[in-house]
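Notes to accompany the following structure.
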Amino acid sequence: MVENNPLETPQKGDSKKASKKEAKKAKKTERKSQAEASVDEDVSVGKYGNFSLIQSNSQAPKREFHDVAKIDKALVGTNVWVRGRLHTARARGKQCFIVLRQQEFTIQALVNVCETVSKMMVKFSSNISKESIVDVEAMVSEVGGTGVAGCTQRYIELVVSQIWVVSVAASQLPLQIEDASRPEKQEDADSLNIRVNQDTRLDNRVLDLRTPANQAIFRIEAGVCRLFRDVLTKKGFVEIHTPKIIPAASEGGANVFTVSYFKGSAYLAQSPQLYKQMAIAADFGKVFTIGAVFRAEDSNTHRHLTEFTGLDLEMAFHYHYHEVMLTIGDMFNAIFKGLRDEFATEIDIVGNQFLVEPFTFLDPPLVLQYNDGRAMLAEAGVEIGPEDDLSTPAEKLLGRLVKAKYDTDFYILDKYPLAVRPFYTMPDPENKTLSNSYDMFMRGEEVTSGAQRIHDPELLTERAKHHGIELEKIAAYIDSFRYGCSPHAGGGIGLERVVMLYLGLDNIRKTSMFPRDPKLILVLKILV
Amino acid sequence: MNGPVQMYKTRQIIKHDLKVDLPTCMYGMRNIHAKTNDLGPLGDHVSPFQDSADISKQVKQLLKRIEDLSEMDTLIDRQERILRQLNDLRQEMLNLKTNLCSTTVTNELVKNAVSTPTEVPKLLNIVINVSPQHPPYSLLLIKKLCVDLFNVNVSTHLHSTVSSLPEKTLTFEKQLQSFPVNANLPTYTIRLIWKTVVPSCELIVSQVPISGEPNVLRYLARLIPNVLIYETADNVWEIDSALDLSYSLIRARTKTERLGLIQSLNKKLGKSKFLCGHSEMTIADLAASSAIRQVADNEVTQNMMKWLQRCDE
């Protein structure tokens with residue numbers, strides 16, 4: 001820049017106004033010159049700016065980074081490097097307050113004009129766009145009093161000495177993370193009532209997933225999956241992988257997706273059941289599988305998806321299918337305990353955004369007979385016929401009744417009427433209208449449906465005829481039992497549903513990372 | 001022997017129509033077997049039936065006489081009414097039977113309930129929430145008391161808010177399970193849920209829980225009055241005050257407080273076999289012994305020690 005001449009003298013004899021003007025001008029130029037002077041002597045050069053594109057250079061700096069979650073009072077006084085997202089930046093005079101976010105954890109960073117930090121650096125910091133990824137070198141210092149409101153690391157802050165932008169975010173965001181993570185309190189006139197609705201969230205899923213609650217939800221989901229594997233492996237189960245492209249629609253009932261398969265067509269598996277049972281017939285004893293399950297049902301409810309993750313298990317037993325039912329019940333309890341003990345922080349974070357009561361359960365799990373359940377409903381004024389299935393509202397009511405009486409959100413309902421179960425369900429030996437089948441409920445919604453399967457080909461044929469199923473279509477299924485098969489029972493669990501109900505969320509789309517439902521796929525085609 | 005002609009003839013061995021010459025040295029007696037002119041319904045039989053025929057004749061005559069009386073009509077009416085009521089009752093029982101789940105276990109329950117209606121109470125679906133620090137020892141005594149009438153199956157559950165059970169509670173659970181089960185008697189299930197509740201335990205019936213072990217015992221005593229003695233006893237007020245003492249004992253915070261309460265219980269025991277001067281165990285004994293075992297096992301007198309042992313027998 002060209003330096004102005006500050007010595008230009010004002011002309012005398014002008015009006016007062018003119019003299020004032022002159023004075024102002026003089027001041028302005030003076031300030032300008034000062035500013036330029038400071039540019040010249042910017043003490044922070046080389047300590048801030050946009051970092052060159054990281055291409056894994058051979059001269060790349062070797063730095064040790066700290067996790068935000070692990071920065072605590074023990075590190076006060078030490079110099080740390082942190083890479084995080086710039087959550088918010090707010091300049092105030094010679095200071096700039098930045099909140100750095102790493103997954104669900106946040107920490108305040110302070111850029112303060114001092115001997116080593118120039119005003120320019122503060123200005124640069126306050127202008128970094130939200131959601132950019134930055135590298136920060138800073139001194140950890142303690143914060144007294146009530147600490148920093150709104151940060152997970154409350155009692156410490158970072159005093160920044162270097163700040164580099166690693167990846168810039170667009171300055172216009174389709175949704176603000178702050179809005180998306182605002183607690184959903186119903187009646188609170190004081191707090192801001194800006195919400196991000198579900199569609200906007202799903203359209204910009206990448207941004208939405210950055211909210212603390214979503215970070216926690218999918219960590220918990222991973223936890224459920226891991227616990228399922230661990231618990232069953234410990235119980236002697238073998239994990240198997242079943243095909244998802246199947247030649248014929250396996251069971252009746254749910255609709256299947258058709259896919260073109262070279263010259264003909266094939267279907268997407270709506271349940272790994274047939275393959276689980278074949279594994280039992282092949283003497284694997286106890287098997288489980290985790291995999292995608294497809295349902296071509298055009299139902300737009302809060303708890304249906306067209307593609308979801310199924311946790312399925314099947315187990316041979318000796319004399320009574322309760323051996324299997326209680327194994328599944330124990331498995332659920334072990335998962336709940338694991339979540340309670342290992343994911344307390346994550347559950348709290350989800351609870352901060354979506355106010356829900358903690359999940360309760362009994363050990364050993366509560367087992368009720370279907371008819372007991374009917375009696376409880378009848379007492380509450382809802383009559384269900386002895387051979388009728390429970391409707392969704394009845395299920396929810398029963399859930400509330402059980403919760404009131406036993407204070408448990410998880411229970412097993414045993415001995416369903418034979419009439420409402422698929423043809424392969426084993427009938428009860430003592431009562432012709434009942435069957436050896438069970439459903440398991442979380443917060444009054446079904447998460448598992450299971451039963452003892454008929455392993456005798458003659459009885460299976462008879463039951464299939466009774467249900468009016470064409471025998472040719474299921475010939476392969478029946479034939480798999482012709483060479484002897486252990487009595488077995490099992491069940492399938494919807495992963496997304498378990499997570500949704502464990503956390504008490506209201507929509508299954510919240511627990512599916514990229515949910516597929518009859519409508520959503522059209523929107524998501526653009527994104528994914 | 002005078003059968004059809006195809007049969008062969010046999011020689012007669014005994015002659016029935018022989019003329020017997022009666023001795024004259026004895027005094028004569030009236031022949032009681034001699035035929036009268038009216039044979040009655042059992043006429044062709046001999047001996048005792050003849051008399052009963054006479055009696056029935058008399059009764060018939062008596063009935064004929066009173067048939068015209070109005071009392072008879074009311075009696076008939078009453079009988080008919082009772083029969084009708086019985087029939088209704090029977091129908092109701094049958095309905096209940098079909099309504100109840102038809103698995104064998106409950107069928108057995110219903111059958112037993114029908115055959116011994118006075119002895120078997122309705123104890124279905126009882127849920128008791130218990131604080132793990134205060135195992136309800138009275139349940140063990142109840143199990144013992146009921147052993148001849150029915151099995152009490154106590155199934156225990158651990159609520160998710162409790163992570164683990166203390167040692168004494170685990171022993172209590174083991175004691176509960178160690179009872180022999182009599183397969184011939186009906187079985188009732190009480191669900192016990194270990195959960196942090198104040199004070200010590202609560203029974204869930206409807207919306208409002210019944211809290212405190214003595215109150216739970218009061219409830220059970222009303223369900224099975226023939227097993228647990230409470231309101232049928234002659235000094236109910238004494239039992240009530242003993243129950244309240246047990247309630248306070250569990251809630252007592254300091255040792256002095258506890259000692260005072262135990263002192264009062266000791267007074268109630270006096271020289272008698274059980275509390276409040278009873279010779280049989282009442283629910284006061286159940287509640288007090290359970291409370292003492294829960295909070296003040298070592299703070300009792302010699303006299304009470306002996307009473308505690310009596311309770312356990």
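All values reported here derive from a predicted model rather than from experimental measurement. All chains are named by letter (A, B, ...) in the order of the sequence lines, taking the proteins before the strands, and each is independently numbered beginning at 1. Hydrogens, waters and symmetry mates are skipped; everything else that's a heavy atom, side chains included, is used.
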Applying a strict 4.5 Å limit to non-hydrogen atoms, the region of F359(A) in contact with chain B is backbone
Whatever's closer than 4.5 Å to a heavy atom in chain B on L401(A) counts as neither
I'd like to know whether the aromatic ring centres of Y406(A) and Y411(A) sit less than 6.0 Å apart in this structure. no
Taking the side chain as every heavy atom from C-beta outward, state whether L311(A) and F288(A) have any atom pair closer than 4.5 Å. no
If one checks every heavy atom of D409(A) against chain B at 4.5 Å, the contacting part turns out to be neither
(Q) In terms of relative ring orientation, are F150(B) and Y188(B) parallel, tilted or perpendicular, with 30° and 60° separating the classes? (A) perpendicular
Applying a strict 4.5 Å limit to non-hydrogen atoms, the region of S163(B) in contact with chain A is both
Taking NZ, NE, NH1 and NH2 as the nitrogens, is one of them in R421(A) or D439(A) under 4.0 Å from a carboxylate oxygen of the other?
-> yes
When the 4.5 angstrom heavy-atom criterion is applied to P365(A) and chain B, the contacting part is backbone
Quiz prompt | Aromatic ring pairing Y137(B)/F172(B), orientation class (parallel under 30°, perpendicular over 60°, tilted between) | solution = perpendicular
